[in-house]
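The structure appears right after this line, and notes come after that.
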Amino acid sequence: MTAAAELVAARELLSEFPVVDGHNDLPWALREQVRYDLDARDIATDQSAHLHTDLARLRAGGVGAQYWSVYVRSDLPDAVPATLEQIDCVRQLQARYADTLRPALTAADMEAARREGRIASLMGAEGGHSIANSLATLRALYALGVRYMTLTHNDNVDWADSATDEPGVGGLSAFGRAVVREMNREGMLVDLSHVAATTMRDALDATSAPVIFSHSSARAVCDHPRNVPDDVLERLPANGGMAMVTFVPKFVLQAAVDWTAAADENMREHGFHHLDTTPEAMKVHRAFEERTPRPVATVATVADHLDHMREVAGVDHIGIGGDYDGTAFTPDGLDDVSGYPNLVAELLDRGWSRPDLAKLTWQNAVRVLGAAEDVSRDLRATRGPSNATLTALDG
């Protein structure tokens with residue numbers, strides 16, 4: 001099959017089994033760029049000058065379901081209201097673009113969106129700081145539509161260790177395990193992207209529902225602490241969960257790791273947070289890149305991770321979480337949300353079957369959310385909401 005024929009075949013497959021993408025930071029980009037002024041960033045029009053995401057490019061990319069991250073920075077003193085503002089942004093997007101974005105809370109909603117030809121619009125909170133050590137706040141986020149929570153972001157929380165912070169509680173504390181159990185009861189997916197490997201293992205021990213990695217790649221292919229070690233990937237079949245490969249070059253290309261460390265330090269020296277993607281910050285990024293050209297990841301780089309993850313975890317336990325609008329750089333061929341057909345075409349060229357690709361793009365993610373709903377239904381029948389506190393459990 002020629003490259004052109006593979007791209008045609010990829011688009012045909014995505015028309016039936018579209019991509020469920022586990023993580024897109026459009027709400028944070030809208031907050032940072034225009035303070036949620038949706039007229040200034042109307043994603044019904046071409047936003048390629050400002051964003052990785054708009055409706056036309058989601059369609060071109062074959063996206064059928066999107067988890068919008070309602071992320072807020074972990075150093076914000078008012079993380080809970082900021083998270084609520086992020087949720088409100090997603091709700092505004094859903095209302096404004098209702099012909100395209102269908103609010104989705106369940107696996108059945110995702111399938112309904114696919115039948116209707118709309119994009120299922122889901123939410124995931126990125127970081128346990130968004131609940132401020134409160135199980136009641138966790139339940140409130142679920143009631144507002146949040147269907148996964150990443151246990152940490154780049155910094156530890158009081159009850160869980162991050163992959164990119166110094167060890168604090170050694171994984172999950174007693175209260176951290178209570179958070180996982182309450183997420184299981186609610187039906188909220190436990191997301192293990194960003195957490196330390198010790199936290200991953202503790203969460204797998206504590207959970208009674210499938211977990212996800214909403215945007216992480218394979219540590220054996222790129223040795224970065226944000227990625228998933230093989231021993232954790234090996235546990236996903238028994239758990240029923242899935243790891244969704246991310247496209248961020250500094251997590252998929254080993255040569256980019258050292259370059260990124262230097263670029264982040266350059267940002268700090270110029271007074272910017274290393275995750276800042278505002279125009280002023282990007283000028284600093286671009287100037288650094290002109291002096292020190294960055295290593296370039298490609299579609300093949302990402303496919304290498306998927307090949308490895310399929311081998312270790314199995315094809316039933318992998319997916320896609322691009323992290324668009326949450327990263328300054330993207331791989332060649334995966335420049336924005338229109339690029340997913342290029343990845344599927346690359347996997348076709350590597351001999352991936354159509355049934356395996358359907359699992360990767362759509363079926364696994366729908367199954368995992370449905371399984372979390374099933375666990376929740378059983379748990380709600382046997383126990384009520386937990387009122388446990390950090391002080392009572394961790395001292």
Side-chain angles (χ1 to χ4, degrees), residues 21 23-37 40-41 43 46-54 57 61 68-69 71-76 82 86 126-127 153-155 162-165 193-194 214-217 222-227 245-302 305 321-339 342:
D21 184 273
H23 195 89
N24 184 303
D25 276 301
L26 175 64
W28 184 256
L30 293 171
R31 177 189 179 94
E32 290 284 276
Q33 292 183 22
V34 294
R35 191 61 193 184
Y36 306 127
D37 182 349
R41 290 289 183 272
I43 62 169
D46 179 11
Q47 293 298 320
S48 55
H50 308 289
L51 299 166
H52 293 141
T53 308
D54 55 46
R57 284 181 290 166
W68 305 110
S69 176
Y71 155 82
V72 301
R73 276 170 42 177
S74 52
D75 59 355
L76 286 182
Q86 290 282 89
E126 189 175 17
H153 191 243
N154 289 338
D155 300 314
S162 168
T164 47
D165 201 349
S193 286
H194 279 288
S214 66
H215 58 308
S216 294
S217 296
C222 180
D223 188 15
H224 191 285
R226 270 281 282 106
N227 288 335
V245 70
T246 193
F247 301 165
V248 179
K250 65 182 178 182
F251 303 148
V252 297
L253 183 65
Q254 192 64 51
V257 174
D258 291 341
W259 184 92
T260 299
D264 289 352
E265 181 58 31
N266 178 68
M267 288 288 284
R268 287 188 285 269
E269 289 174 355
H270 285 81
F272 292 99
H273 190 279
H274 69 278
L275 296 177
D276 196 334
T277 57
T278 58
E280 295 78 11
M282 291 307 297
K283 288 179 183 177
V284 173
H285 259 309
R286 283 190 289 270
F288 177 85
E289 188 174 0
E290 287 177 7
R291 298 192 305 272
T292 312
R294 64 183 174 94
V296 178
T298 66
V299 175
T301 310
V302 176
H305 283 265
D323 203 9
Y324 285 116
D325 284 308
T327 179
F329 305 113
T330 56
D332 279 0
L334 295 169
D335 306 86
D336 56 40
V337 296
S338 68
N342 296 328

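Quantities reported herein were computed from a predicted structural model and do not represent experimental measurements.
Contacts of Arg31 classified as salt bridge (charged side-chain N to carboxylate O under 4.0 Å, His left out), with partners at least two apart in sequence or in another chain: Glu85. Residues passing the side chain to side chain contact (heavy atoms under 4.5 Å, CB included) test with Asp165 are Asp155, Asn156, Ser162, sequence neighbours excluded. Residues passing the salt bridge (charged side-chain N to carboxylate O under 4.0 Å, His left out) test with Asp75, sequence neighbours excluded: Arg73.
Ring orientation note: the planes of His153 and His194 are tilted relative to one another, at an angle of 30° to 60°.
For the residue pair Leu76 and Ala82, the shortest heavy atom distance occurs at CD1-CB, 4.0 Å. Considering every non-hydrogen atom in both Asp223 and Gln254, the closest pair reads N-OE1, 2.6 Å. Nearest heavy atom pair, residue Ser193 against residue Ser214, reads OG-N, 3.1 Å. Residue Asp25 comes nearest to Gly326 through the heavy atom pair OD2-CA, 3.4 Å, listed as atom of the first residue, atom of the second, then distance. For the pair Pro225 and Thr164, the tightest heavy-atom approach, listed with the atom from each and the gap, is CG-CG2, 4.5 Å. In terms of heavy-atom proximity, Thr327 sits nearest to Pro249 at OG1-CD, 4.5 Å.
Within the 4.5 Å cutoff, the side chain of Trp28 has no heavy atoms near those of the Leu275 side chain. Under the 4.5 Å side-chain criterion, counting only non-hydrogen atoms from C-beta, Arg291 is in contact with Asn266. His285 is not listed as a side-chain neighbour of Phe272, based on a closest heavy-atom distance of 4.5 Å or more. Considering only heavy atoms from C-beta on, Gln33 comes within 4.5 Å of Leu51 through its side chain. For the pair Ile43 and Thr53, the minimum side-chain heavy-atom distance is 4.5 Å or more. With contacts defined as side-chain heavy-atom distances shorter than 4.5 Å, the pair Thr277/Glu32 does not qualify. Counting heavy atoms from C-beta on, the side chains of His305 and Val302 never come closer than 4.5 Å. Gln47 is listed as a side-chain neighbour of Arg57, based on a closest heavy-atom distance under 4.5 Å.
For the atom pair CG of Asp276 and CE of Met282, the computed distance is 9.5 Å after rounding to the nearest 0.5 Å. We find the CZ-NE2 distance between Phe247 and His52 to be 12.0 Å, quoted to the nearest 0.5 Å. One distance of note links CH2 of Trp68 with CG of Asp21; it measures 8.5 Å at 0.5 Å rounding. To the nearest 0.5 Å, atom CG of residue Asp335 and atom OG1 of residue Thr330 are 4.5 Å apart. One finds the OG1 atom of Thr292 at 10.5 Å from the CD atom of Glu290 (value rounded to the nearest 0.5 Å). Note: Asp264 CG to Trp259 CH2 = 8.5 Å, rounded to the nearest 0.5 Å.
Between the side chain of Asp325 and the main chain of Ala29, no donor-acceptor pair closer than 3.5 Å is present. At distances below 3.5 Å, not a single donor-acceptor pair connects side-chain atoms of Thr298 with backbone N or O atoms of Asp332. At distances below 3.5 Å, not a single donor-acceptor pair connects side-chain atoms of Asn154 with backbone N or O atoms of Ser74. Not a single donor-acceptor pair under 3.5 Å links the side chain of Ser217 to the backbone N or O of Phe251.
Checked by atom type, the side-chain pair Asp336/Ser48 shows no donor-acceptor distance below 3.5 Å.
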**OP:** Output, in order, the C-alpha distance, side-chain angles, deciding distance and verdict of side chain to side chain contact (heavy atoms under 4.5 Å, CB included) for Phe329 and Val296.
**Re:** CA-CA 9 Å; Phe329 305 113; Val296 178; over 6 Å; no
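Ion pairing of Glu289 with Arg286 is absent here, as no side-chain N (NZ or NE/NH1/NH2) approaches a carboxylate O to less than 4.0 Å.
Residue Ser69 forms a side chain to side chain donor-acceptor pair (under 3.5 Å) with just one option from His215, Gln86, Glu126, and that option is Glu126.
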